[in-house]
Amino acid sequence: MDNITLQQYIGEIGSALSQLGNELQKQAQPNQPLNIHCQVKQTMDKFTYYLHNLNADLDACRYNLIKDGKNEVNTLEMESLKVTLHHLLNGESYTHDGETSNPATELYKMKFLIDSLYRLTAHGAKGSTEYIFDKITEKEI
């Protein structure tokens, strides 16, 4: 896999995430309702598209290496990607009180909370019991 192709994919992924970040910053202005689902969906579509094509190129590179020994792999770049994927998929951060978490866990918590809030606002809170998540304080970071 040549360096230009890898850099192109990384650049496109970074650009898509940057565009989402810019849109989120715009919508985070006070007294403005959030409407971010479309931007997140578009970003995830682009992210998935670029990852899929990167995987297709990596697979072609792997196939060529197995088939005829043609090695287009930059070992340092593959090591960087391997470690990056480990952090993205398995990385944990200290939260507080000896606990750790990761983005996937926090997103699932957010889904639970949003579902709960939506349900409570639609059907009322009388008689409901809900779990409370602790907040991380600045001094614990």
Side-chain angles (χ1 to χ4, degrees), residues 1-125 127-141:
M1 165 168 248
D2 64 28
N3 197 24
I4 295 170
T5 304
L6 179 59
Q7 289 177 341
Q8 176 187 349
Y9 288 124
I10 299 301
E12 289 169 339
I13 290 168
S15 177
L17 294 173
S18 177
Q19 289 171 5
L20 176 61
N22 290 335
E23 186 60 36
L24 293 177
Q25 284 181 321
K26 283 184 211 171
Q27 292 214 13
Q29 301 303 317
N31 303 321
Q32 182 175 338
L34 290 178
N35 187 14
I36 58 175
H37 65 277
C38 182
Q39 290 81 10
V40 170
K41 171 74 170 104
Q42 288 173 351
T43 300
M44 293 313 297
D45 287 347
K46 289 178 187 177
F47 188 64
T48 302
Y49 171 80
Y50 297 139
L51 285 175
H52 178 85
N53 287 339
L54 173 57
N55 284 335
D57 281 354
L58 288 169
D59 190 41
C61 182
R62 185 180 67 89
Y63 176 79
N64 288 336
L65 187 59
I66 292 169
K67 182 179 131 199
D68 57 17
K70 186 177 176 190
N71 186 357
E72 303 170 13
V73 175
N74 178 322
T75 307
L76 290 175
E77 288 180 352
M78 291 304 110
E79 182 178 356
S80 179
L81 284 175
K82 181 178 175 62
V83 173
T84 298
L85 289 170
H86 175 78
H87 288 304
L88 286 171
L89 296 171
N90 305 306
E92 291 187 337
S93 297
Y94 175 76
T95 57
H96 65 293
D97 296 333
E99 298 292 322
T100 59
S101 190
N102 60 54
T105 298
E106 295 303 323
L107 287 170
Y108 277 111
K109 281 182 192 175
M110 186 183 297
K111 182 181 181 326
F112 163 79
L113 292 167
I114 297 298
D115 288 348
S116 178
L117 284 166
Y118 189 78
R119 187 175 54 254
L120 289 169
T121 56
H123 302 292
S128 294
T129 57
E130 297 289 333
Y131 180 80
I132 306 281
F133 292 108
D134 293 345
K135 235 181 167 177
I136 303 170
T137 61
E138 288 291 323
K139 66 181 178 182
E140 295 176 320
I141 296 178

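All values below come from the heavy atoms of this structure, side chains included, with hydrogens, waters and symmetry mates left out.
A search for side chain to side chain donor-acceptor pair (under 3.5 Å) contacts involving Ser101 returns Glu106, not counting sequence neighbours. Every residue two or more places apart in sequence or in another chain was checked for a salt bridge (Lys or Arg N to Asp or Glu O under 4.0 Å) with Lys67, and none qualifies. With sequence neighbours left out, the side-chain contact (heavy atoms from CB on, under 4.5 Å) criterion links Asn102 to Glu92, Ala104, Thr105. By the side chain to side chain donor-acceptor pair (under 3.5 Å) test, Glu99 pairs with no residue at all, sequence neighbours left out.
Contact annotation: the side chain of Gln19 approaches that of Lys46 to within less than 4.5 Å [non-hydrogen atoms, C-beta and beyond]. The closest side-chain heavy-atom distance from Lys111 to Ile114 is not below 4.5 Å.
With values rounded to the nearest 0.5 angstrom, Phe112 atom CZ is found 9.0 Å from Leu117 atom CG. Taken to the nearest 0.5 Å, the CG atom of Asn64 stands 6.0 Å off from the NZ atom of Lys70. Separation of atoms CG (Asp68) and OH (Tyr63) is listed at 8.5 Å; rounding is to 0.5 Å. Atom CD1 in Ile13 sits 4.5 Å away from atom CG in Leu51 (nearest 0.5 Å). Between the OG atom of Ser15 and the CG atom of Leu20 there is a distance of 11.5 Å, given to the nearest 0.5 Å. Annotation: the span from Lys26 atom NZ to Gln39 atom CD amounts to 9.0 Å, rounded to 0.5 Å.
When all heavy atoms of Tyr50 and Tyr9 are compared, the pair lying nearest together is O-CD2, 3.8 Å. Across Thr100 and Tyr94, no two heavy atoms sit closer than the pair CG2-CA, 4.1 Å. In plain terms, the two heavy atoms of Gly91 and Pro103 that are nearest each other are O-CD, 4.4 Å.
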Indicate every side-chain donor-acceptor pair of residues 78-87 with a distance under 3.5 Å to a residue at least two apart or in another chain.
residue, atom, partner, partner atom, Å
Thr84, OG1, Ser80, O, 2.7
His86, ND1, Asn90, ND2, 3.1

For residues 30-38, which side-chain donor-acceptor pairs fall under 3.5 Å, sequence neighbours excluded?
residue, atom, partner, partner atom, Å
Asn35, OD1, His37, ND1, 3.1

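Listed for the Thr121 side chain is a donor-acceptor partner under 3.5 Å among the backbone atoms of Tyr118.
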